Amino acid sequence: MTLSTDRIDESVSRAIRWLITLLPKEDGSAGIWERLRIDQDDAIVRRVRPDCTAETAALLDAAGAVQQRRDYEHLAGSMRGWLQRVQRPDGGFPFYELTAAPNGTDDGSTADLMWPNDNGKVLELLCLGDYPRESMTRLASYLIDNQRADGWFSLDAVDYRGPCFVSWPVVGLARYYGSSGDERAAAAVTKAIGYLRSLQCADGRLKTSYEISGTENWRPVSSETAEAMRAFALTHRLVGLDTRAEIAGCRDFLTRLTTAEGAIRNCDAASSGASEQADPALTDLVYTCGYALHGWLDAWRATGEASDLAAAAGLGEFLISIQVDDPSVQWDGAWRGSYDVDQRSWRGRANQSNPIDEGGEFSVYTGWTTATIASGLLRIRDELARASR
């Protein structure tokens, strides 16, 4: 690895300084806003999301421990308190809660649309963080109770068959099984893995939500394969199912998309029809890069394959090299949503059948991107520390 702990620490510190500017309340007790849309006059998207909040709290906890920053830990504790307050009676977490805009148009209401990927992500972070066991058990039960016989999930009468909506519950339930030993979780993971196996193509990639149901048009094919690699890797390590062949398939496909600098292209010519997000010059930082960073590390821990650790380090190097470094802008220290790896410039949209442009060069996300990348860098830091012992 060529990354140094000093470079990682500086990158993470800069990311956190930006994240703190997106707190509705300075003490963290109101969670964190979703993102900036930097092509709009009022750039802040005032959705306070449980998944973004959980990701940021996890980063603050990890960075606080490494850098001995008690202020980070206090912020994380306040954010955990907000998460517990918004958990629904059935155990699930809503999509977001709105906070008031300067013109007073937002009413503070909660969007109760439920997403299995968001809830799976939150479950993983509940299991890894300082949360009450009861909170994670309720969420795990919510997902288990809403799984269908084929392994996918249906929440509030909406069916979610795309791999991103199955991989994340697997990630969360595998973590839950690892910490609780609850056999219901192991059974749910086994069913979901069976379904994901049915979606894996001969070249290792996962059939996309766009191909299955004509949805999530803006997600590149790279994304759902990176997320599936996490699911397969954590299942192998924590649940004990042999998914090494599936991990290898994901590895082969993502390696094919990886540039010499470590970036992951959205697609290649052979997979360009799998999504409307089909420009191979672009790399996606909302749905792919952060989760691929964690995915490479999960694969490394599951299989011991040295190329996975090298891929994580290469991707980490690339991401640090493009982190926004411009004190004159409101997003200094963050990462924007789409980057042209050939022209080395921010470019690309996520407006394919998506009027709110959930990604792309004009979106600067808290969770999904900046917190996710920074926490992945801290995981690489841990590997550096192990290697030096």
Side-chain angles (χ1 to χ4, degrees), residues 1 151 162-168 170-171 174 189 192-212 216 219-275 277-285 287-319 341-342 376 379-380 383:
M1 289 186 182
C164 65
F165 302 122
V166 180
S167 292
W168 277 112
V170 168
V171 167
V189 167
I193 287 294
Y195 178 68
L196 288 174
R197 281 172 166 155
S198 76
L199 300 183
Q200 192 163 30
C201 303
D203 64 356
R205 75 169 180 88
L206 272 287
K207 192 175 181 181
T208 63
S209 295
Y210 177 68
E211 291 173 295
I212 294 165
E216 303 293 310
R219 282 180 184 261
V221 63
S222 58
S223 169
E224 293 190 283
T225 299
E227 292 165 331
M229 184 161 69
R230 291 209 70 210
F232 289 133
L234 289 171
T235 294
H236 182 71
R237 185 166 68 84
L238 298 175
V239 183
L241 290 181
D242 187 353
T243 55
R244 287 173 294 181
E246 290 77 18
I247 296 168
C250 294
R251 177 190 297 126
D252 290 348
F253 180 70
L254 293 173
T255 299
R256 200 171 87 201
L257 300 185
T258 298
T259 71
E261 290 184 300
I264 298 175
R265 296 182 185 274
N266 282 354
C267 63
D268 59 10
S271 58
S272 62
S275 168
Q277 184 69 265
D279 186 341
L282 301 180
T283 187
D284 156 55
L285 286 90
Y287 303 97
T288 302
C289 284
Y291 300 125
L293 191 59
H294 287 268
W296 286 127
L297 292 165
D298 291 331
W300 154 248
R301 291 206 62 199
T303 68
E305 174 58 54
S307 66
D308 296 331
L309 184 56
L315 180 55
E317 284 270 12
F318 167 75
L319 291 168
V341 297
D342 295 332
R379 289 184 65 186
I380 294 175
E383 296 298 338

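Values below: all heavy atoms of this structure, side chains included; hydrogens, waters and symmetry mates excluded. All values derive from a computational prediction rather than experimental measurement. Starting from 1, each residue takes its place in the sequence as its number.
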- Item | Those residues that, when tested against Glu227, pass salt bridge (charged side-chain N to carboxylate O under 4.0 Å, His left out) (two or more places apart) | Arg219

- Correct closest heavy-atom pair for Val341 and Ala263 would be CG1-CB, 3.7 Å

- Message: If I take atom CD from residue Gln277 and atom CD from residue Glu216, how far apart are they, to the nearest 0.5 angstrom?
- Response: 12.0 Å

- Message: Would you compute the distance between atom CD1 of Ile264 and atom CZ of Arg256 and round it to the nearest 0.5 angstrom?
- Response: 13.0 Å

- Does Pro220 offer a backbone N or O that forms a donor-acceptor pair with the side chain of Ser223 under 3.5 Å? no

- Item | All side chain to side chain donor-acceptor pair (under 3.5 Å) counterparts of Ser222, not counting sequence neighbours | Thr288

- Closest heavy-atom pair and its distance - Gly262, Phe318: C-CB, 4.4 Å

- So which heavy atom on Ala174 is nearest to which on Val189, and how close? N-CG2, 3.8 Å

- Message: Testing the basics here: between Gly204 and Phe253, what is the closest heavy-atom pair and its distance to 0.1 Å?
- Response: C-CB, 4.1 Å

All N/O donor-acceptor pairs, side-chain side in residues 290-299, below 3.5 Å, sequence neighbours left out:
residue : atom : partner : partner atom : Å
Tyr291  : OH   : Glu55   : OE2          : 3.0
Tyr291  : OH   : Lys121  : NZ           : 2.7
His294  : ND1  : Arg379  : NH1          : 3.1
His294  : NE2  : Thr372  : O            : 3.0
His294  : NE2  : Ser375  : OG           : 3.1
His294  : NE2  : Gly376  : N            : 3.3
Asp298  : OD1  : Arg379  : NH1          : 3.2
Asp298  : OD1  : Arg379  : NH2          : 2.9
Asp298  : OD2  : Arg230  : NE           : 2.5
Asp298  : OD2  : Arg230  : NH2          : 3.0

- Item | Spacing of CG belonging to Asp203 relative to CG belonging to Asp268, to within rounding of 0.5 Å | 8.0 Å

- Message: Tell me which one of Val166, Leu199, Thr208 satisfies side chain to side chain contact (heavy atoms under 4.5 Å, CB included) with Glu224.
- Response: Thr208

- Task: Would you mind reporting whether Leu206 and Cys250 have side-chain heavy atoms less than 4.5 Å apart?
- Result: yes

- Under the salt bridge (charged side-chain N to carboxylate O under 4.0 Å, His left out) test, which residues partner Asp252, sequence neighbours left out? none

- Supply the atom-to-atom distance Ser167 OG to Met229 CE, rounded to the nearest 0.5 angstrom. 11.0 Å

- Message: Heavy-atom count check: over 12 atoms from other residues, nucleotides or ligands less than 6.0 Å from Arg244 CZ?
- Response: no

- Message: Testing the basics here: between Ala281 and Arg265, what is the closest heavy-atom pair and its distance to 0.1 Å?
- Response: CA-NH1, 3.7 Å

- Task: Kindly compute the distance separating OG1 (Thr225) from CG (Leu257), expressed to the nearest 0.5 Å.
- Result: 8.0 Å

- Message: Looking at every non-hydrogen atom in both residues, tell me the closest pair between Ser271 and Val221 and how far apart they are.
- Response: OG-CG1, 3.7 Å

- Message: Run the salt bridge (charged side-chain N to carboxylate O under 4.0 Å, His left out) test against Glu305 and tell me which residues pass, sequence neighbours left out.
- Response: none

- Task: Give, for atom CG of Leu315 and atom OG1 of Thr283, the distance between the pair rounded to the nearest 0.5 Å.
- Result: 7.5 Å

- Results of salt bridge (charged side-chain N to carboxylate O under 4.0 Å, His left out) for Arg197 - residues two or more places apart only: Glu246

